[in-house]
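What follows is a set of notes on a single structure, which appears directly below.
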There are 2 protein chains.
Amino acid sequence: MTKSPPTSDPAALDALDRRLLTELAVDGRITNSALARRLGVAESTCLQRVRALRERGVIRGVHADIDLAAVGYPIQAVVKVRLGSHNRDHVASFHEVIAQVPGALRILHVGGEDDYLIHVAVASTQELRDLVLEHVNVHPVVRHTETQIVFEEIPGVGVL
Amino acid sequence: MTKSPPTSDPAALDALDRRLLTELAVDGRITNSALARRLGVAESTCLQRVRALRERGVIRGVHADIDLAAVGYPIQAVVKVRLGSHNRDHVASFHEVIAQVPGALRILHVGGEDDYLIHVAVASTQELRDLVLEHVNVHPVVRHTETQIVFEEIPGVGVL
DNA sequence: CCTGAAAGCCCCATGTT
DNA sequence: AACATGGGGCTTTCAGG
């Protein structure tokens, strides 16, 4: 052990912060006054809390959830990728490549059977094929890919 | 062919709608007046468009993006699930079970080697084990699960 | 469908406890 | 750290093009 745990965690969240985050996760456009009312605190207090959480990076941003099928991307898939080498430089250069994959909803570097899982949304199956061939398989460190079509997304209970 | 395509798609989006959606996907808390200014239309027009898109379900909601590690869920994983039977009733009952998995960020029903991919966030590896054993493997239709730890999420370019 | 104006409400800086 | 206040800005409705 070369470092001891912090005596007071600067990232500690109290109950008010947690309730606030839960509300904003459900409705990111709730007004500050409505949020303050719901939490039972003054508007100014509420505003200060939200700002602090933003500045600390606990709130990363607020984003609209768009129906991708309605905007021309009716097809989703998960592309599982396995590399032939896990050399640090190869992995780094691969990161730069997959970060540019058009239509990527989420890119995860994982441990286990696969190395990367890429969740994508595309306009057509042709586009999906082109995406895999031209943006993933092109990289020489890629040994294997497998594409799984998304039939359905099942709404879960979430984490908050 | 038992039905012909609609002569005018009620879900058609024009260029204004698309620009508006892109802005809201980036910053879901942008004010209506700022959005109107950016798009070069009257505030009332902008408000009406956003409302219509919400009512049509194109905008599903607006949610805060929270740093899960900061709120006590530092570990993420993807659980790949394979079923022993693809009978419709079995699948339906399995849906109800996995929809209740605590900490599920995303649940995808996919085609191919696996049947389901569950992206979860948990407080500890112990909790991860318990989650898989008690909420996924318990179901008799589950033949196989494999859990892959998420090392890193790589920011992509997105779809909009 | 889009606009402009007007009433009302919200945001948030400031001062106080 | 939390609260009360007030000016300026934002939201939202509605009549009109």
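Just so it is clear: chains get the letters A, B, ... in the order the sequence lines come, proteins before strands, and each one is counted from 1.
By the 4.5 Å heavy-atom criterion applied to side chains, B:Glu113 and B:Arg82 are counted as neighbours. Taking 4.5 Å as the limit, every side-chain heavy atom of A:Thr147 sits out of range of all side-chain heavy atoms of A:Arg129. Residues A:Val62 and B:Val62 are in side-chain contact: their nearest non-hydrogen atoms beyond the backbone lie under 4.5 Å apart.
When the shell of 6.0 Å around CZ of B:Arg18 is examined, it contains more than 12 heavy atoms from other residues, nucleotides or ligands.
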Next on the checklist: Go through it in stages, so that I can follow the logic: the residues are A:His119 and B:His119, the test is ring-ring contact (aromatic ring centres under 6.0 Å, His included), and I'd like the CA-CA distance, side-chain angles, deciding distance and then a yes or no.
Outcome noted: CA-CA 11 Å; A:His119 182 190; B:His119 183 190; 9.7 Å; no
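Judged purely by distance below 3.5 Å, without hydrogens or angles, the side chains of B:His135 and B:Gln100 never pair a donor atom with an acceptor atom. The closest side-chain donor-acceptor pair between A:Asp27 and B:His63, if any, does not fall under 3.5 angstrom.
For DNA chain C, the neighbouring residues in residues 42-52 of chain B, judged by any heavy atom under 4.0 Å, are B:Ala42, B:Ser44, B:Thr45, B:Arg49. Listed by residue number, there are no residues of residues 14-24 of chain B with a heavy-atom contact under 4.0 Å to DNA chain D.
Looking at which nucleotide of DNA chain D each of A:Gly40 and A:Arg29 is closest to, the 5′-most match is held by A:Gly40.
One can place CZ of B:Arg37 at 11 Å from P of D:dG9, the figure rounded to the nearest angstrom. Distance, B:Ile30 CD1 to D:dG9 P: 18 Å, rounded to whole Å. In this entry the distance linking CZ of A:Arg54 with P of C:dC11 reads 14 Å, nearest Å.
In this structure, the nucleotide among C:dT3, C:dC11, D:dT12 sitting nearest to the side chain of B:Asn32 is D:dT12.
With side-chain heavy atoms closer than 4.5 Å counting as contact, directly or through intermediates, the hydrophobic cluster containing A:Val120 also holds A:Ile75, A:Val79, A:Val81, A:Leu83, A:Val91, A:Phe94, A:Ile98, A:Val101, A:Ile107, A:Tyr116, A:Ile118, A:Val122, A:Leu128, A:Leu131, A:Val132, A:Val136, A:Val141, A:Val142, A:Ile149, A:Phe151, B:Ile154.
At the phosphate of C:dC11, OP1 or OP2 sits under 4.0 Å from a side-chain N or O atom of A:Ser33.
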